[in-house]
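The sequence lines fix the lettering, A, B, ..., with proteins before strands; numbering per chain opens at 1.
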Amino acid sequence: MRAREARPRAAPRYVSEPKKPSLLSDTDFTPVLSRSALRYRKMRDRVIELLLLAAGLIAVFTTLAIVAILLIESSAFFKHVSIVEFLTDTMWTPLFADAHYGILPLVAGTLTTTVVALLVAVPIGTLIAIYLSEFAPTKVRETVKPILELLGAVPTVVYGYFALTMVTPALQRLIPDLPGFNMLSAGLVIGLMIVPYVSSLSEDAMRSVPRYMREGSYAMGATRLQTALHVVVPGAFSGLAAAFILGISRAVGETMVVAIAAGMQPNFTFDPREPAATITAYIVQVSLGDLPHGSIGYQSIFAAGLVLMLMTLVFNVIGYSLTRRFREAY
Amino acid sequence: MSGTSMTAPYLDPKHVREGLSRRKLLDQVFVIVGLIVMLACLAILAVLFIDLVIDGSERFSWDFFTNFASRRAERAGILAAWVGTSLIMIVTALCAVPVGVAAAIYLEEYAPKNWFTAIIEINVTNLAGVPSIVYGLLALGLFVYQFNLGQSIAAAGLTLALLILPIVIVATREAIRAVPNAIREAAYGLGATRWEVTKDHVLPYSTGGILTGMILGLSRAIGETAPIITIGALSFIAFLPESPFKSEFPFISFGWLDDPFTAMPIQMFNWVSRPDPAFQANAAAAGAILLGMTLLMNGVAIWIRYRFRKKINW
């Protein structure tokens, strides 16, 4: 330190002539970084690490905040409404004078659109995935995969427009007395919307089945189809289950398509030809109005949101246990 | 397939040959079915998109971009919507990208392998699967009423930032993981601290991946409707937020953060919900523009990924 202060400030340090080519003592050689600079660098590293950790913790806080907000606002809701009524009443009319608070119609609407969507997405998505992974020439796969990923980015409100203005009129030609708002059209479009997700993820899962398993099957004289159905699909089952679960979560949480095309009237039915509201559509409907903070209607969307979260949680737990049970280790 | 009679005491060659040709036929049939289903799916989506653009094309004009929403369909435009969307995207990008990249750096470069890190990782994975409308409820309870941001651009931007945070984190982690360890070890060997290694070596090499993740996240945010309806976006706005640029010092103002807003997907949803077919054309036009924006952003992301991959030689 003393050596450095003795020198004129203007001279750049690295030009100063070392007296002897010795690296061992810092009295005759000025290190480029002094001890205090080193300490500063270590301090800075520590501070930066804490900042980065804080950023990582935001993810944890977000989850906690979601759970906390849903529970707090729902508990205010359940002070007015008994849980028994909430789970057993078959009418959902929180905004009417004759208020009923039965979540069943909304759950029924959500399940119906989800089942219709999955009836479309799972077979088609799996078929496309098997084709792309086991049969398609490389060129086809390299072209189709990015297109599938691109389709996943299309805003859902655009799909809602398709359902209302294109798919419903087409369906009405097949089923003449189909109402303008119906769950069938919404479900079909959600299904079409999640086909790219399901097929892209399933394809990834099937591609990760090692090559030697296929070669073993071919060596036994199996065709590509036999190999695909009896070796690759079972081998990739955990990945396929994960893809389907993601599809279910998307379908359950899908909002805009049902809000636009399925109508917003709560209707306790499992008939996809009828109009009905889903949990998500109800939340949108309430948000479009101007409900005062703290009113029962305001609290009811958080109770509905809590049910939605619990439903996706259940599906995810099922998916997780399926994945664990059928995981193949190579 | 029952054609292979493995358990039969002896194999009749004729029987084997029949089974073989049947299996080969099935194989061919599947190729054709698979191809047809895939093409049919892509064709249906293509028809829908083309139809959307055709329906909307009659409304494409300069006025459509410079007019406010109106009760008369032919005079209505998307001025407030695209200005609102742009301002929200600025807030979202400024919040989500630094936080997301920082969280990813922590998880990849700093985090020790313990239960605490595992909790953060599980949280990031789970957040990616939370329905977007739940983020809307979170924002309604937290940003709008607890933090008193009201139904403002700031609240909307923060909501979408939380929504795309997992996307940014996952993309950045993948980009960072692709940097070979030899690079890090060389830098450590020269006495660099962890932050210096990260800042001077890891981040420059993973810029392409980070940018890709950022654009993909923003393209998701730009089309999200449900969460910003939930926090109370207005669909009929005939004024612009306060301008971010001022003619006198300090030239920049943040008054717009507090302003009420509308956004492209909200405007489209509002028009779709009207029975009048004239408004449906407006909805189609807005939808086509929205679609064009997301596809363009995704195209840019793919291009950036490709370019950076070509530029780097390990």
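With a 4.5 angstrom heavy-atom cutoff, B:Ala284 touches chain A via backbone and side-chain atoms both. Using a 4.5 Å cut-off between heavy atoms, B:Leu165 touches chain A through its side chain atoms alone. Only the side chain of B:Leu42 comes within contact range of chain A, with heavy atoms under 4.5 Å apart. Looking at B:Val130, the atoms closer than 4.5 Å to chain A (heavy atoms on both sides) all sit in the side chain, from C-beta outward. In this structure, no portion of B:Leu107 lies under 4.5 Å from any heavy atom of chain A. Residue A:Ile128 touches chain B through its side chain alone, counting heavy-atom pairs closer than 4.5 Å. Neither the backbone nor the side chain of A:Leu306 has a heavy atom closer than 4.5 Å to any heavy atom of chain B. Both the backbone and the side chain of B:Phe49 come within contact range of chain A, judged by heavy atoms closer than 4.5 Å. For chain B, the nearby part of A:Val140 is the side chain; its heavy atoms alone come within less than 4.5 Å. Interface residue A:Ile66: backbone and side-chain heavy atoms are both found under 4.5 Å from chain B. Contacts of A:Leu313 with chain B are absent, with no heavy-atom separation under 4.5 Å from either backbone or side chain. Both the backbone and the side chain of B:Ile120 come within contact range of chain A, with heavy atoms under 4.5 Å apart. Interface residue A:Met264: only side-chain heavy atoms are found under 4.5 Å from chain B. For A:Thr165, the part lying near chain B is the side chain, with the backbone staying farther off; criterion is any non-hydrogen pair under 4.5 Å. Residue B:Asp55 touches chain A through its side chain alone, counting heavy-atom pairs closer than 4.5 Å. Looking at A:Ile147, the atoms closer than 4.5 Å to chain B (heavy atoms on both sides) all sit in the side chain, from C-beta outward. Both the backbone and the side chain of B:Thr193 come within contact range of chain A, with heavy atoms under 4.5 Å apart. Only the side chain of B:Tyr145 comes within less than 4.5 Å of a heavy atom of chain A; its backbone N, CA, C and O stay farther away. Within the 4.5 angstrom heavy-atom criterion, only side-chain atoms of A:Leu132, from C-beta onward, approach chain B.
Shortest non-hydrogen contact noted between B:Arg194 and A:Asp45 is N-OD2, 3.2 Å. Summarising the geometry of B:Phe116 relative to A:Leu57, their closest heavy-atom pair is CZ-CD2, 3.6 Å, with the distance given to 0.1 Å. The shortest non-hydrogen separation linking A:Tyr131 to B:Val31 is CE1-O, 3.5 Å. The minimum heavy-atom distance between B:Gly141 and A:Tyr298, with the atom names listed, is CA-OH, 4.1 Å.
Annotation: maximal heavy-atom pairing with chain A below 4.5 Å, among B:Ala103, B:Gly100, B:Pro265, occurs at B:Ala103. The candidate with the highest count of non-hydrogen atom pairs below 4.5 Å against chain A, out of B:Leu138, B:Val33, B:Ile222, B:Asn126, is B:Leu138. Most heavy-atom pairs under 4.5 Å with chain A: of the set B:Leu52, B:Leu291, B:Val47, this distinction falls to B:Leu52. Interface remark: of the candidates B:Thr230, B:Val37, B:Leu295, B:Thr230 forms the most heavy-atom pairs closer than 4.5 Å to chain A. With respect to chain A, the highest number of heavy-atom pairs below 4.5 Å among B:Ile302, B:Leu142, B:Leu35, B:Leu162 belongs to B:Leu35. Interface summary for chain A: among B:Thr198, B:Val99, B:Ile122, B:Ile133, the most heavy-atom pairs under 4.5 angstrom belong to B:Ile133.
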Q: Check step by step if side-chain contact (heavy atoms from CB on, under 4.5 Å) holds for A:Tyr159 and B:Leu45.
A: CA-CA 10 Å; A:Tyr159 282 106; B:Leu45 288 167; 3.8 Å; yes
Q: Would you please test A:Val158 and B:Thr294 for side-chain contact (heavy atoms from CB on, under 4.5 Å) and show each step?
A: CA-CA 11 Å; A:Val158 172; B:Thr294 48; over 6 Å; no
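A:Val284 is not listed as a side-chain neighbour of B:Thr225, based on a closest heavy-atom distance of 4.5 Å or more. When side chains are defined from C-beta on, B:Pro131 does not count as touching A:Val252, because their heavy atoms never get closer than 4.5 Å. For the pair B:Arg23/A:Gln226, a side-chain contact is recorded, criterion being any heavy-atom separation below 4.5 Å from C-beta on. Between B:Trp195 and A:Glu49 there is no side-chain heavy-atom pair separated by less than 4.5 Å. Counting only heavy atoms from C-beta outward, the side chains of A:Val157 and B:Met264 never approach each other to under 4.5 Å. Using a 4.5 Å heavy-atom threshold, the side chains of B:Leu140 and A:Ile301 count as touching.
Distance check: B:Glu108 CD to A:Leu52 CG gives 12.5 Å after rounding to the nearest 0.5 Å. Rounding to the nearest 0.5 Å gives a distance of 14.0 Å between CG of A:Leu225 and NZ of B:Lys24. The structure places OG of A:Ser287 at 7.0 Å from CG of B:Leu137, a figure rounded to the nearest 0.5 Å. In this structure, B:Tyr106 OH and A:Ile48 CD1 are separated by 14.0 Å, a value rounded to the nearest 0.5 Å. For the atom pair CG of B:Asn123 and CD1 of A:Ile58, the computed distance is 12.5 Å after rounding to the nearest 0.5 Å. Note that OG1 of A:Thr255 is 10.0 Å distant from CZ of B:Phe269, once rounded to the nearest 0.5 Å.
Ion pair A:Arg224/B:Asp27 flagged as a salt bridge, since at least one NZ, NE, NH1 or NH2 atom sits closer than 4.0 Å to an Asp/Glu carboxylate oxygen.
Using a distance-only test at 3.5 Å, with no hydrogens or angles considered, no donor-acceptor pair links the side chain of B:Asn298 to the main chain of A:Leu150.
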